Amino acid sequence: MPVYNQPVKLPVQIQSFDEYQEVYAHSVSKPENFWAEQADTFYWRKRWDKTLEWNFTDPDVKWFQGGKLNITENCLDRHLAERGDQAAIVFEPNEPGDPVITLSYRELHAEVCKTANALHELGIGKGDRVCFYMPMVPELAISVLACARIGAIHSVVFAGFSAQALADRVNDADCKMIICSDYNKRGAKNIPVKQVVDEAMAIGCSTIETVLVHKNTGGDITWDPSYDLWYHEQVDHQSSECEAEAMDAEDVLFILYTSGSTGKPKGIVHTCGGYMLYTAFSFLNVFQYQPGDVYWCTADIGWITGHSYILYGPLLCGATSMMFEGVPTYPDAGRFWQICEKHKVNQFYTAPTAIRALMAKGDEHVEKYDLSDLKVIGSVGEPINEEAWEWYKEKVGRNVVPIVDTWWQTETGGMMISGLGNYSPQKATFAGYPLPGIQPCLVGKESIKENKGNPAEGLLCVKFPWPSMLRTTWGDHERCKNTYFSTVPGMYFTGDGARRDENGMYRIVGRVDDVINVSGHRMGTAEVENAIDEHSRVVESAVVGYPHDIKGQGIYAYVIMGPGSHDLDLIKQEIIAVVRKEIGPIAKPDKIQFVDALPKTRSGKIMRRILRKVAANELENLGDTSTLLNPEAVESIIAGRDI
Ligand code: WT7
């Protein structure tokens, strides 16, 4: 019997705080039973033999070993009988007047199959890597799912990254194909993305056999017949049926690059079975999605939020998920709210940086729209400050809609600490309680011991595996071990610091490593320094984050120049240009201060603590500077600070 004639079952949907407490208690006392019960609601080609095997030393985590599945059968085929004609994806274009595109589950299924067949024909098979560099258009969703359909591994690169950054990611994963568009529409601009791909190819992407180009604007592009092909010419004539590849639960589903405190970004690896289970489970519970609701996450599919909560989580649950091509301020700062009204959005999910930016544009932009369909509003990506939380609650939520502040990471695959719709206690700036199955803890910075009891604070760690956790970092398992499993032996270390209040609610304080969060974009300070150092006249640089009203954190760069006289304004422009070229515009410094020396310890380490304080203009308490190799450097840095 075809799979889609089975009634669709979904994981448990918790509907009160008491129920949360019961389910949570069960989930941590018998984690394997709990997750096996939830996993049984999906369609498996073959049920698994062993629910969980793990250690956090190697690390080695395997969920549902022996199980066979294809995530797209669960996202698409399984829904056809019950909701084939319901909208799966609703696409709102950049231009408010342009037509909305709605893909029903049946249409999305057909489109995914056609693209999957085209990919097959172009020599893409199970385990091959396909890189994406595209705008938020339906073809992106379709072709990402097409990869999953045939067992190819997708690696989506946010289309704001530079050619160099794209080439680095393509080469790290030895991708065989890039799928891109000709141009991206973003607000009033058309961005030549194919040109960036051409530049990446010129830098060198030797494993790329094909660049598949989606015609988005039809603007002029250059064409290299040795590898360029039009997407529509490959896809349009294909059959709308494509047998899904039966994947092992632990086969790789995708790679997604993210920044850490050292070196180049690393490819976080997620696998099929556990990721499927946890994204669906968390989506259903945090957003309290009900059949018929319209759900909208404003993230880009280039980030994990888009993977888990535009595509996989919602589609697994048979939801209607919106995709927005544009930006929050085009044509004006009311666009988000106009879209919410137009599509009668029920669940809305965005980032604090967007909330702060829109808040600054004035209340009139939000007050003129009818937002009465909203039932849950979410926040993700960075700590939400109290002012933004209150504004979101009052102006968008009209004081009646619950805010879910969802803490998680690229590495966690899904939301870890968050309220569940209206069923959890609310406290401004607190993400709240862990989801069922998630066992967070706080570890003392110095003692490296768990701080039990409430209240408490420390390094935020997780003690026990959860289904959607990262399995490795692509091509470098040692790096995974060193980054996440070595700081606190036996635990997953998140890189964040957190506090727990007397009731056990968590508040995320922010990163405790050299990672900064600029407008919700995660950046390694070392990565930005390496880019700045590419400037031929720069001798050394040090980058720190500083508090920024809209972006959360801004990028402050201290730069030492080589000998000779310099036109410093010109050099600043050049430094910004180098960073744009090496990483992309999102990494460009907000402030650049030229210095003669950087404060260093006797062992030659830059004292970033001091640089952070100066950048934040917090000069009262610089701490002990007497152990520095060059305490005089601090004085001159303070004198020349950019405020
Ligand atoms: C880092 C992860 C998770 C999807 C988007 C970001 C910060 C994320 C919150 C939140 C406070 C948050 C953390 C985390 N972060 N959500 N609700 N409250 N901080 O994913 O790019 O992997 O970044 O974002 O510092 O470690 P990411």
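For ligands, and for the atoms within them, numbers begin at 1 and follow the listed sequence. These numbers come from the heavy atoms of this one structure, side chains and all, not from hydrogens, waters or symmetry mates. Given the structure is predicted, the values throughout are model-derived calculations rather than measurements.
- Using a non-hydrogen distance threshold of 4.0 Å, Gly495 does not register as a contact of ligand 1.
- Remark: minimum distance from atom 11 (C) of ligand 1 to any protein heavy atom is reached at Pro383 N, 3.1 Å.
- Nearest-residue assignment for atom 2 (C) of ligand 1 (options Trp408, Phe430, Trp303, Tyr506; heavy-atom criterion): Trp408.
- Between Phe17 and Tyr20, the ring planes lie parallel to each other; the angle is under 30°, not in the 30° to 60° tilted range.
- The option with the heavy atom closest to atom 27 (P) of ligand 1, from among Thr410, Ile304, Val404, is Thr410.
- In this model, no donor atom of one side chain and acceptor atom of the other lie less than 3.5 Å apart for Ser541 and Glu529.
- Among Val518, Ile586, Ile516, the one residue that satisfies the side chain to side chain contact (heavy atoms under 4.5 Å, CB included) test with Lys551 is Val518.
- Using a 4.0 Å cut-off between heavy atoms, Asn517 contacts ligand 1 through its side chain alone, with no backbone atom that close.
- With ligand atoms numbered from 1 in the order given, ligand 1 contributes 4 (C), 5 (C) to contacts under 4.0 Å with heavy atoms of Thr305.
- The aromatic ring centres of Tyr257 and Trp474 sit 6.0 Å or more apart.
- Note on ring orientation: taking the six-membered ring where Trp is involved, the planes of His270 and Phe254 are tilted (angle from 30° to 60°).
- Residue contact check: Arg522 has heavy atoms under 4.0 Å from atoms 2 (C), 21 (O), 22 (O), 23 (O), 27 (P) of ligand 1.
- A cation-pi arrangement is present between Lys427 and Phe430 under the rule of less than 6.0 angstrom and at most 45 degrees off the ring axis.
- In terms of polar-atom proximity, Ser379 is not counted as a contact of ligand 1, lacking any N or O under 3.5 Å from an N or O of the ligand.
- Within the listing of ligand 1, atoms 9 (C), 10 (C), 16 (N), 17 (N) sit less than 4.0 angstrom from a heavy atom of Thr406.
- Residue Thr494 has no N or O atom closer than 3.5 Å to an N or O atom of ligand 1.
- Val157 has its side chain within reach of Tyr133: a pair of non-hydrogen atoms, C-beta onward, lies under 4.5 Å apart.
- In summary, the side chains of Glu386 and Thr429 do not present any donor paired with an acceptor at a separation below 3.5 Å, with no hydrogens or angles considered.
- Of all the heavy atoms of Val515, none lies under 4.0 Å from any atom of ligand 1, so neither backbone nor side chain is involved.
- Of all protein heavy atoms, the one lying nearest to atom 24 (O) of ligand 1 is Gly381 O, 3.2 Å.
- Only the backbone of Glu382 comes within contact range of ligand 1, with a heavy atom under 4.0 Å; no side-chain atom does.
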